[in-house]
Amino acid sequence: VKSYTELVERVAFLGAMNKRLVVYFRGQNNSLLPIPALFRSSWTCFDTNEKLKIDDNNRFKYWDALNEIGETVYNICKAMELPRWRGLRDIRESQWAVIQHYGIWPTPLIDLTTSLRVAARFAFSFVNAQGEAKKPGYIFVIGLPDTTGSITFNLDENFVLARLQSVCPPVAKRPHYQDGFLAGRFPFRSPNDFSDGKQREKVSLLPRLIAKFKLIDKGDFWTESFPIMNKDAVYPTDDPLLESFKEIFGRKKPQSAFERARKFS
């Protein structure tokens with residue numbers, strides 16, 4: 001696909017052909033299988049540019065730390081006047097959704113959006129060296145049954161979907177700017193259940209994939225009617241929730257995610 005308007009037309013056709021599904025999008029600057037962070041080979045640690053390894057030897061340690069991190073995330077969000085906070089307190093997947101969206105720690109969930117424009121922006125790298133040709137981007141179109149409420153568990157379809165706008169405090173900007181959702185396998189008991197490659201596909205978005213688009217930008221993908229979104233439009237730096245997380249989980253802070261994860265490596 002060589003323009004945003006062409007992308008809209010193709011997605012419109014997919015929507016008409018999948019009337020029983022709600023369509024979501026994931027933009028990536030690579031064509032790799034969309035898989036939750038907990039099952040990748042590495043992750044970029046929160047508040048750093050450091051990449052740390054994840055493998056079968058330490059994956060369970062990352063998993064085991066989620067309960068404590070989730071409780072801290074809940075306390076931070078509640079202190080920011082989160083209405084209807086019991087869902088975030090009692091439902092671990094709600095905590096995982098916030099943790100994953102802000103990149104605090106690897107979880108079994110993966111980011112999606114209902115905004116095609118946001119997904120298209122994520123498909124292209126935010127940083128290009130001067131004179132470097134623009135690399136292709138990729139959009140994965142995901143189909144899920146209709147959902148209700150802030151978080152939906154569908155046992156028959158084996159998925160959970162959290163709507164970030166309902167899970168996060170209203171002052172949080174990133175979830176609203178990105179029209180963010182988090183999806184994952186349900187029920188999910190332990191990463192050990194998905195240790196081999198074939199099983200790992202079951203926690204990816206592959207079973208829900210409708211289409212994958214390769215986006216080519218030769219300088220005219222974006223137009224005056226649909227200009228490219230700048231980084232602040234999807235990663236607002238003045239997000240109060242992000243600042244609160246940095247005060248607790250930042251590199252040199254009391255519960256540094258980097259210092260905790262480095263011990264696993």
Side-chain angles (χ1 to χ4, degrees), residues 24-29 34 36-38 40 43-50 66 69-70 72-85 87-88 91-127 137 139-140 142 147 149-152 160-184 205 227-251 253 255-258:
Y24 298 85
F25 311 103
R26 177 172 174 81
Q28 295 185 179
N29 57 17
L38 185 63
R40 298 173 196 166
W43 72 296
T44 302
C45 200
F46 180 71
D47 198 33
T48 75
N49 291 318
E50 303 278 352
L66 275 173
I69 293 172
T72 303
V73 164
Y74 158 70
N75 289 329
I76 292 171
C77 290
K78 187 182 179 186
M80 300 185 76
E81 300 183 1
L82 171 67
R84 299 184 177 180
W85 44 264
L88 188 60
I91 303 174
R92 63 177 188 172
E93 286 85 357
S94 293
Q95 297 173 2
W96 293 353
V98 182
I99 292 167
Q100 183 61 54
H101 188 66
Y102 280 90
I104 298 168
W105 198 254
T107 79
L109 302 184
I110 189 166
D111 283 276
L112 297 173
T113 179
T114 53
S115 169
L116 182 59
R117 192 175 172 202
V118 168
R121 182 63 190 93
F122 273 101
F124 295 110
S125 175
F126 285 96
V127 179
I139 283 187
F140 295 80
I142 308 300
T147 60
S150 61
I151 185 164
T152 297
V160 57
L161 185 73
R163 189 175 68 217
L164 278 164
Q165 293 94 326
S166 300
V167 172
C168 293
V171 296
K173 293 186 177 181
R174 184 185 294 187
H176 298 279
Y177 284 22
Q178 294 185 14
D179 292 326
F181 287 76
L182 269 294
L205 293 176
I228 188 170
M229 302 172 74
N230 62 36
K231 190 172 182 179
D232 285 341
V234 289
Y235 281 127
T237 55
D238 58 341
D239 185 333
L241 186 54
L242 175 62
E243 291 305 311
S244 294
F245 288 153
K246 285 183 176 181
E247 285 299 312
I248 302 297
F249 299 112
R251 181 164 189 161
K253 297 302 179 178
Q255 298 183 43
S256 168
F258 175 74

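- Checked against a 6.0 Å centroid threshold, the rings of F25 and F140 do not count as neighbours.
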Step by step, work out the side chain to side chain contact (heavy atoms under 4.5 Å, CB included) result for F258 and E50. CA-CA 8 Å; F258 175 74; E50 303 278 352; 3.6 Å; yes

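- For the pair W43 and G103, the tightest heavy-atom approach, listed with the atom from each and the gap, is CZ3-O, 3.7 Å.
- Nearest approach of P175 to L164, heavy atoms of both residues: CB-CB, 3.7 Å.
- Each of L241, V167, T72 was checked for a side-chain contact (heavy atoms from CB on, under 4.5 Å) with C77, and the lone residue meeting it is L241.
- Separation of the W96 and W105 ring centroids does not fall under the 6.0 Å cut-off.
- Of the inter-residue distances, the one linking T114 atom OG1 with D179 atom CG reads 4.0 Å to the nearest 0.5 angstrom.
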With side chain to side chain contact (heavy atoms under 4.5 Å, CB included) as the test, would you mind laying out the steps for D111 and Q100 before giving the verdict? CA-CA 8 Å; D111 283 276; Q100 183 61 54; 3.9 Å; yes

Side chain to side chain contact (heavy atoms under 4.5 Å, CB included), that's the test. Do I139 and L116 meet it? Break it down for me. CA-CA 9 Å; I139 283 187; L116 182 59; 4.0 Å; yes

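- Taking each heavy atom of L109 and G184 in turn, the nearest pair found is CD2-CA, 3.6 Å.
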As a quick check of understanding, evaluate side chain to side chain contact (heavy atoms under 4.5 Å, CB included) for I76 and I248, giving each step before the final call. CA-CA 9 Å; I76 292 171; I248 302 297; 3.8 Å; yes

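- With ring centers used as reference points, Y102 lies 6.0 Å or more from Y235.
- Smallest separation of non-hydrogen atoms from P108 and L66: CD-CD1, 4.1 Å.
- With a 4.5 Å cut-off on side-chain heavy atoms, P170 and P83 count as touching.
- The heavy-atom pair separating S256 from R251 by the smallest distance is OG-O, 2.9 Å.
- The CZ atom of F245 sits 8.0 Å away from the CD1 atom of I99 when rounded to the nearest 0.5 Å.
- Under the side-chain hydrogen bond (donor to acceptor under 3.5 Å, both in side chains) criterion, W85 pairs with no residue at all, not counting sequence neighbours.
- Counting only heavy atoms from C-beta outward, the side chains of T107 and P36 never approach each other to under 4.5 Å.
- Heavy-atom minimum distance, Y177 versus V118: O-CG2, 3.9 Å.
- Here the straight-line distance linking atom CZ of F249 with atom NZ of K253 works out to 13.0 Å at 0.5 Å rounding.
- Here the straight-line distance linking atom CG of L205 with atom CD1 of I142 works out to 4.5 Å at 0.5 Å rounding.
- Between Y24 and T113, the closest side-chain pair of non-hydrogen atoms is not below 4.5 Å.
- The CZ atom of R117 sits 14.0 Å away from atom CD of Q178, with the distance rounded to the nearest 0.5 Å.
- Applying the side-chain hydrogen bond (donor to acceptor under 3.5 Å, both in side chains) test to every pair with at least one member in residues 163-175, sequence neighbours left out, gives these pairs: R163-S166, K173-D238.
- Within the model, atoms SG of C168 and NE2 of H101 stand 6.5 Å from one another, a figure rounded to the nearest 0.5 Å.
- Residues I151 and V160 form a side-chain contact, since some pair of their non-hydrogen atoms from C-beta on lies under 4.5 Å apart.
- Within the 3.5 Å criterion, the main-chain N or O of M229 finds a donor-acceptor partner in the side chain of R121.
- Between E81 and P169 there is no side-chain heavy-atom pair separated by less than 4.5 Å.
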